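Working notes, beginning with the structure itself.
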Amino acid sequence: VFLGMATLAVLVHEAGHAIGFSVSGDRPTVVLHAAGGETRGGHHGASRMVLITAAGPAAGLLLGLLVLVVGWAGPAERAVQLALDDALFLTVGLSLINLVPIGHLDGNAILTGIVSIVTGRPAGLAGWLVGALSVLALFVGSLMIGRYEIAFFLVFIVIASSSGATAGLKLFGAPTDTKSAPGLLM
């Protein structure tokens with residue numbers, strides 16, 4: 001049951017991106033893999049790409065809202081409540097995690113897109129700095145309010161997102177050589 005709910009949550013998330021690409025005139029492709037999925041389409045400028053990227057987590061949050069409504073209206077049996085808790089984690093929880101601005105998560109693409117829009121050029125080092133400070137603020141904030149599990153989870157996401165000698169730079173989308181300064185990565 002959990003695997004079925006997880007697959008549905010990923011499909012809804014990727015459908016959000018696909019709808020965004022379709023509205024922009026693209027014919028997107030969706031690829032599912034063990035770590036989730038990826039929706040591919042053309043690049044439509046930073047502003048539109050921020051909206052397309054945000055559409056995935058937004059779709060997951062809307063599905064989570066539907067799960068909440070079903071939970072309020074549904075039976076209070078223990079097995080049903082456990083399934084609803086799992087569904088809420090897979091929709092709302094993973095959508096919020098996906099908004100953390102690191103690595104290949106949607107939050108990083110949204111953040112670097114916003115930095116590109118504000119500065120008028122690819123995010124590069126400015127995007128890396130804003131992303132790093134955002135994650136640091138989330139980490140310190142969770143420690144300050146006593147939510148150690150969130151701080152631990154952020155550390156886990158940072159470690160899982162990093163690889164290679166330039167991991168610290170790639171993690172937040174910073175350029176790792178002098179020839180490229182990536183903007184909005186999709």
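Given the structure is predicted, the values throughout are model-derived calculations rather than measurements.
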Would Val80 and Glu77 satisfy side-chain contact (heavy atoms from CB on, under 4.5 Å), going step by step from the backbone distance to the final call? CA-CA 5 Å; Val80 172; Glu77 296 175 16; 4.2 Å; yes
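- Put simply, the side chain of Ile52 does not reach to within 4.5 Å of the side chain of Thr39, judged on heavy atoms.
- Closest non-hydrogen pair, Met5 versus Ala87, comes out as SD-CB, 3.8 Å.
- For Ile117 against Ala46, the heavy-atom pair with the smallest separation is CG1-CB, 3.7 Å.
- Ile97 places a side-chain heavy atom less than 4.5 Å from the side chain of Phe153.
- Between the side chain of Thr119 and the backbone N or O of Arg121, at least one donor-acceptor pair lies under 3.5 Å.
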Are Met144 and Phe139 close enough, and set up right, to give a side-chain contact (heavy atoms from CB on, under 4.5 Å), and what steps lead you there? CA-CA 9 Å; Met144 289 176 65; Phe139 177 77; over 6 Å; no
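- Remark: Thr29 OG1 to Glu14 CD distance equals 10.0 Å, nearest 0.5 Å.
- Atom CZ of Arg147 and atom CG of Leu154 lie 12.0 Å apart (nearest 0.5 Å).
- Counting only distance, with no hydrogens or angles, the side chain of Thr53 and the backbone of Ile110 share no donor-acceptor pair below 3.5 Å.
- Between Leu129 atom CG and Leu133 atom CG the span is 4.5 Å, to the nearest 0.5 Å.
- In terms of heavy atoms, Ala126 sits closest to Val115 at CB-CG1, 3.9 Å.
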If you apply the rule side-chain contact (heavy atoms from CB on, under 4.5 Å), what do you find for Asn108 with Ile102, and how did you get there? CA-CA 5 Å; Asn108 191 41; Ile102 61 170; 5.6 Å; no
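- Side-chain contact check for Glu38 versus Val30: every heavy-atom pair is 4.5 Å or farther apart.
- Using a 4.5 Å heavy-atom threshold, the side chains of Val135 and Pro101 count as touching.
- Between Phe21 and His44, the closest side-chain pair of non-hydrogen atoms falls below 4.5 Å.
- One finds the CG atom of Leu111 at 9.5 Å from the OG atom of Ser116 (value rounded to the nearest 0.5 Å).
- No donor-acceptor pair under 3.5 Å is formed between the side chain of Asn98 and the backbone N or O of Pro57.
- Residues Ile157 and Ile159 share a hydrophobic cluster, clusters being chains of Ile/Leu/Val/Met/Phe/Trp/Tyr side chains in contact below 4.5 Å.
- A pairwise comparison of heavy atoms in Asp26 and Gly42 identifies OD2-N, 2.5 Å as the closest pair.
- Placement of Ile150 and Phe89 within a single hydrophobic cluster is found when ILVMFWY residues are connected by side-chain heavy-atom separations under 4.5 Å, directly or transitively.
- Just one of Leu63, Asp106, Leu90 meets the side chain to side chain contact (heavy atoms under 4.5 Å, CB included) condition when paired with His13; it is Asp106.
- Distance OG1/Thr7 to CZ/Phe2: 10.0 Å, rounded to 0.5 Å.
- Smallest separation of non-hydrogen atoms from Ala55 and Gly16: CB-O, 3.2 Å.
- Counting heavy atoms from C-beta outward, Leu68 and Leu88 have side chains that approach closer than 4.5 Å.
- Under a hydrophobic-cluster definition in which Ile, Leu, Val, Met, Phe, Trp and Tyr are linked whenever side-chain heavy atoms come within less than 4.5 Å, directly or via other members, Val155 and Leu143 are assigned to the same cluster.
- Between atom CZ of residue Phe152 and atom CZ of residue Phe156 there is a gap of 7.5 Å, rounded to the nearest 0.5 Å.
- Nearest approach of Ala9 to Thr91, heavy atoms of both residues: CB-CG2, 4.4 Å.
- Val67 and Leu62 are assigned to two separate hydrophobic clusters, defined by single-linkage of ILVMFWY side chains at heavy-atom distances under 4.5 Å.
- Under a hydrophobic-cluster definition in which Ile, Leu, Val, Met, Phe, Trp and Tyr are linked whenever side-chain heavy atoms come within less than 4.5 Å, directly or via other members, Leu11 and Ile19 are assigned to different clusters.
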